[in-house]
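So the structure is just underneath, and the comments pick up after that.
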Protein chains: 2
Amino acid sequence: MTGATLAALDRVLEVTVLLGRDMTTSLAAEGLTVARTTLLWRLRAAGPSTQRALADALGVSARNVTGLVDGLAGAGLVTREPHPTDRRATLVTPTARAERLLEEMAAGQAQLADQLFGGLAPDRLDGLVAALDEVLERLRALVPGGAAAEETP
Amino acid sequence: MTGATLAALDRVLEVTVLLGRDMTTSLAAEGLTVARTTLLWRLRAAGPSTQRALADALGVSARNVTGLVDGLAGAGLVTREPHPTDRRATLVTPTARAERLLEEMAAGQAQLADQLFGGLAPDRLDGLVAALDEVLERLRALVPGGAAAEETP
DNA sequence: CTACACCGTGAAGGAGCTTCACCATATCGG
DNA sequence: CCGATATGGTGAAGCTCCTTCACGGTGTAG
């Protein structure tokens with residue numbers, strides 16, 4: 001019974017590779033990287049956040065967030081504001097330009113979704129989503145920290 | 001009609017993230033990295049290859065392959081043999097240990113596939129594979145170099 | 001007020017990736 | 001046969017992402 005499941009895993013892995021390549025190049029065209037964009041995306045969902053909170057949300061070290069924020073700040077996409085009550089912390093805040101950019105990226109994502117899945121028969125699409133949900137459930141149980149759900153960028 | 005397709009893309013992206021995390025940690029447990037393993041995997045499929053051929057197959061620069069091979073050679077997983085006819089080129093060859101390791105990894109992959117997709121109803125599984133094939137077709141057309149098929153690691 | 005915990009960052013380092021320059025070898029055209 | 005040109009691999013330099021460790025500034029609990 002290995003055959004069919006292996007075929008499925010193969011497909012998923014290939015999708016992973018191609019999708020990753022597409023994302024990387026698309027972002028590079030706008031001078032962004034995947035890591036920085038992930039942070040930005042999280043910021044859009046959560047609003048101004050502490051670097052510590054961002055580190056936990058992205059599942060990376062606090063030190064790394066410092067570097068990512070440095071880059072984004074250099075690109076004029078975020079600013080570091082003082083935290084109103086905790087003087088140790090800084091609030092990372094997206095700029096207006098960042099919000100405009102995120103808007104565009106969300107639109108682009110919806111367009112990509114239609115491009116990839118729009119041609120599927122509706123019941124096929126539903127089956128795909130349902131199947132992936134089942135797989136995700138098992139995957140989350142398998143991967144440590146799989147429950148940490150930050151909106152998929 | 002954006003809703004359903006976006007839901008599908010979300011699922012796919014999350015699977016991507018979790019699967020990537022699983023692969024990275026699993027490999028790290030054996031002292032390997034994704035990039036080096038990809039090269040090794042390609043080597044298993046293609047047999048001893050010149051670094052140039054590997055660079056083209058993986059879609060990375062020749063210089064990068066030098067580094068990856070350095071690492072693998074340091075771990076005793078590949079050796080650099082002189083090319084029989086072209087004295088400029090070197091043939092990267094997997095060691096016996098590497099082939100044993102690749103065997104194990106293939107088994108682990110099959111096991112993972114069963115774990116993730118084994119519980120699905122057979123028709124659901126078939127639908128999933130068919131849907132992903134459709135998506136892959138569009139994706140390959142979308143991504144430059146998407147036709148470059150190296151077995152998915 | 002004194003521990004202790006916590007936030008952010010400097011320092012150092014590893015992996016992956018790139019481009020540019022360079023040498024050794026191959027190959028092609030005259 | 002030989003000079004021009006293309007090709008294979010690597011040193012040098014540099015970027016991003018990521019880590020751990022150390023440390024100073026700040027909050028907090030006893």
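These figures come from a predicted structure and were not determined experimentally. Chain A is the first sequence line, chain B the second, and so forth, proteins listed ahead of strands; every chain is numbered from 1.
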What does the list of N/O pairs under 3.5 Å between the protein and nucleotides 1-8 of chain D look like, with a distance for each?
residue, atom, partner, partner atom, Å
D:dT7, O2, B:Arg88, NH1, 2.6

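Atom-to-atom, CZ of B:Arg21 to P of D:dC18 comes out at 11 Å; the value is rounded to the nearest Å. Rounded to a whole Å, the CZ atom of A:Arg36 is 12 Å from the P atom of D:dC15. Atom CG in A:Leu72 sits roughly 13 Å away from atom C1' in D:dC17 (whole-Å rounding). When rounded to the nearest whole Å, the span between CG of B:Leu58 and P of C:dC17 equals 8 Å. At whole-Å resolution of the value, CG in A:Asp70 and C1' in D:dC18 are 14 Å apart. For the pair A:His83 NE2 and D:dT26 P, the computed distance is 15 Å after rounding to whole Å.
The two residues B:Ala131 and A:Leu128 have their closest heavy-atom pair at CB-CD1, 4.1 Å. Nearest heavy-atom pair across B:Ala130 and A:Arg124 is CB-NH2, 3.4 Å.
Counting only heavy atoms from C-beta on, A:Leu68 has its side chain closest to D:dC18 among D:dC18, C:dT9, C:dT19. Distance from the side chain of A:Asn64 is smallest for D:dC17 among the nucleotides C:dG8, C:dC17, D:dC17.
Between the side chain of B:Arg63 and the base of D:dG11, a donor-acceptor pair under 3.5 Å is found.
Screening residues 96-105 of chain A for side-chain hydrogen bond (donor to acceptor under 3.5 Å, both in side chains), with sequence neighbours left out, gives no hits.
B:Thr95 places a side-chain N or O within donor-acceptor distance of the main-chain N or O of B:Gly76, the cut-off being under 3.5 Å. A side-chain donor-acceptor contact under 3.5 Å links A:Arg11 to the backbone of A:Ala7. Here the side chain of B:Ser49 pairs a donor or acceptor atom with the backbone of B:Gly47 at under 3.5 angstrom.
Mapping A:Ala62 and B:Thr66 onto DNA chain D by nearest heavy atom places B:Thr66 closer to the 5' end of the strand. Remark on DNA chain D: of its neighbouring residues A:Arg87 and A:Gly67, the 5'-side contact belongs to A:Gly67, judged by nearest-heavy-atom nucleotide.
Residue-environment remark: CD (B:Glu137) stays at or below the threshold of 12 foreign heavy atoms within 6.0 Å.
Using a 4.0 Å heavy-atom distance criterion, A:Thr85 is classed as a sugar-phosphate-only contact.
Residue B:Ser61 has no polar side-chain atom (N or O) positioned under 4.0 Å from OP1 or OP2 of C:dC17.
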